*Asks:* 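I have a structure here, written as structure tokens, and I will follow up with some questions on it.
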Amino acid sequence: MHYFLLCLLLSAAFSMETCKLMINMLDRDMSGMMGFNEFKDLCQALNGWKGTFTSFDRDHSGTVEGHELQQAIGTMGYNLSPQAMNCIMKRYSNHGRIPFDDFVSCCVRLRALTGE
């Protein structure tokens with residue numbers, strides 16, 4: 001799937017920055033295109049992140065707070081230091097709350113940093 005077309009499809013739910021991060025995460029040959037299997041991998045990752053996010057968004061506000069984010073990240077297998085969590089909160093939170101779009105950006109970057 002062409003990069004631009006996929007951005008249009010995803011932009012209904014995500015910022016352009018998050019769209020680019022997600023596509024780059026799976027565009028392994030740097031072609032600017034995403035094949036069916038890569039798109040399927042993206043959908044699986046998004047479904048997993050959405051399930052995790054939803055389970056920790058206990059007040060159904062569409063955001064998670066810092067302690068909820070830390071628990072969510074922990075359930076995904078990441079054991080981050082308090083300093084790393086503080087950096088994540090500074091980068092992604094708006095008044096101590098992280099919306100789903102920023103949660104996905106965080107997950108993509110964590111995945112890239114850990115080579116998963």
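Every value quoted in this text rests on a predicted model; they were computed, and no experiment measured them.
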*Asks:* Do I88 and I73 come within less than 4.5 Å of each other through their side chains, counting heavy atoms only?
*Replies:*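 SC-SC contact between I88 and I73 confirmed.
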*Asks:* What residues, two or more places apart in sequence or in another chain, satisfy side chain to side chain contact (heavy atoms under 4.5 Å, CB included) together with R91?
*Replies:*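 Partners of R91 under the side chain to side chain contact (heavy atoms under 4.5 Å, CB included) test: E17, R109.
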*Asks:* Ignoring hydrogens, what is the shortest heavy-atom contact between A45 and R111? Give both atom names and the distance.
*Replies:*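 Where A45 meets R111 most closely, the heavy atoms are CB-NH1, 3.6 Å.
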*Asks:* Just how far is it from atom CZ of R97 to atom CD of E68, taken to the nearest 0.5 Å?
*Replies:*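 If we round to the nearest 0.5 Å, R97:CZ and E68:CD are 6.5 Å apart.
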*Asks:* State the OG1-CZ distance between T63 and F53, to the nearest 0.5 angstrom.
*Replies:*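 T63 OG1 to F53 CZ: 6.0 Å, rounded to 0.5 Å.
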*Asks:* My understanding is that only residues two or more places apart in sequence, or in another chain, count here; which of them pass ring pair (Phe, Tyr, Trp, His ring centres under 6.0 Å) with Y92?
*Replies:*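 Y92 satisfies ring pair (Phe, Tyr, Trp, His ring centres under 6.0 Å) with no other residue.
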*Asks:* Determine yes or no for a side-chain-to-main-chain donor-acceptor pair under 3.5 angstrom, with N47 supplying the side chain and C43 the backbone.
*Replies:*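 At least one qualifying donor-acceptor pair exists.
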*Asks:* Taking atom CG as the centre, does D59 end up with more than 12 heavy-atom neighbours from other residues, nucleotides or ligands that are less than 6.0 angstrom away?
*Replies:*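 Enclosed.
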*Asks:* Between D57 and G62, which heavy-atom pair has the shortest distance, and what is it?
*Replies:*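 Reported closest heavy-atom pair: OD2-N, 2.8 Å.
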*Asks:* At what distance, to the nearest 0.5 angstrom, does OG of S105 lie from CH2 of W49?
*Replies:*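 Spacing of OG (S105) from CH2 (W49) equals 9.5 Å.
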*Asks:* Using the side-chain contact (heavy atoms from CB on, under 4.5 Å) rule, take F103 and L69 through it: C-alpha gap first, then chi angles, then the decisive distance, then the call.
*Replies:* CA-CA 8 Å; F103 178 80; L69 177 66; 3.6 Å; yes
*Asks:* For D102, enumerate each residue passing the side-chain hydrogen bond (donor to acceptor under 3.5 Å, both in side chains) test, keeping only those at least two apart in sequence or located in another chain.
*Replies:*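 Testing D102 for side-chain hydrogen bond (donor to acceptor under 3.5 Å, both in side chains), a comparison that skips the adjacent residues, returns none.
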*Asks:* Could you give the distance from NE2 (H67) to CE (M89), rounded to the nearest 0.5 Å?
*Replies:*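 The CE atom of M89 is 10.0 Å from NE2 of H67, to the nearest 0.5 Å.
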*Asks:* Checking the side chain of S55 only, and the main-chain atoms of T52 only, is there a donor and an acceptor separated by less than 3.5 Å?
*Replies:*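 Yes; at least one donor-acceptor contact below 3.5 Å.
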